[in-house]
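The structure appears right after this line, and notes come after that.
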Amino acid sequence: LLAGADARCMNWCSQHGECTATGDDGYCICEPGYIGEDCGTPLCPKGDDPETTGQSNRTIKITTGALDGFLEGHFNFNYNGHTVGFDAKANELAGDSMARILEQLPGLEMVTVRRGPVTGQGGAEYTVVIEKFPALPVENNLWNHDGNPSLSAFECTYEEVTAGTYASCIVSDVDVGEVKE
């Protein structure tokens, strides 16, 4: 990114972001906690509306596997631009251990994870319930949500899996009805 003297972004990104280019085509990438074209709008604390009831926590499923062989190495899980790695061998990664790994992501404060049966290739299905997001958002103009992040905010990759033919890591929605906002 460019030094402030060369940047031509609106209001110099309000000193809460960095300009991406010189000239008229520059735009701001805001620091976490700020949004807006010029990063001048702070995000407010978030939480579930206490007036709404009968809602469920955001829930996703992470399914790992391989067509053949036994998984080795690790998968990378990305949420809102931040990444953590987890062991590809599901028999060595219990649900509570996976939860502690996912809670290292700055945008997830508390999660519970249930690991399903381990497959013959060492993969498994992890059901991830997001119990709590941080009150002070770790979001910006590129990565944000309204309390129920879209499925596209989650990604799992397998580039660092070192064994297992055609490794896969798929993130999918779990239908839990109306989700807390």
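Considering Val128, Ile60, Asn80, Asn78 in turn, Ile60 is the only one that fulfils the side-chain contact (heavy atoms from CB on, under 4.5 Å) rule with Phe154.
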Donor-acceptor pairs are to be reported for all side-chain atoms of residues 106-119 against protein atoms at under 3.5 Å, with residues two or more places apart or in another chain.
unit_1	atom_1	unit_2	atom_2	d
Glu109	OE2	Lys132	NZ	3.3
Thr112	OG1	Glu131	OE2	3.1
Arg114	NH2	Thr127	OG1	3.4
Arg115	NH1	Ala90	O	2.6
Arg115	NH1	Leu93	O	3.3
Thr119	OG1	Gln121	N	3.4
Thr119	OG1	Gly122	N	3.4
Thr119	OG1	Gly123	N	3.0
Thr119	OG1	Gly123	O	3.4

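Arg58 has a carboxylate O that lies under 4.0 Å from a charged side-chain N of Asp173, or vice versa, which qualifies the two as a salt bridge.
Relative orientation of the Phe86 and Tyr126 rings is perpendicular, given thresholds of 30° and 60° on the angle between their planes.
Other residues, nucleotides and ligands place more than 12 heavy atoms under 6.0 Å from the CD atom of Glu92.
No donor-acceptor distance shorter than 3.5 angstrom exists from the side chain of Asn11 to the backbone of Cys13, with no hydrogens or angles considered. The backbone N or O of Leu67 sits nowhere less than 3.5 Å from a side-chain atom of Thr165 that would complete a donor-acceptor pair. Not a single donor-acceptor pair under 3.5 Å links the side chain of Thr63 to the backbone N or O of Glu125.
Looking at Pro149 and Tyr79, their side chains come closer than 4.5 Å, going by heavy atoms from C-beta outward. No side-chain heavy atom of Ile62 sits under 4.5 Å from any side-chain heavy atom of Phe75.
The structure places SG of Cys30 at 9.5 Å from NE2 of His16, a figure rounded to the nearest 0.5 Å.
Donor-acceptor pairing under 3.5 Å is recorded for the side chains of Glu160 and Asn76.
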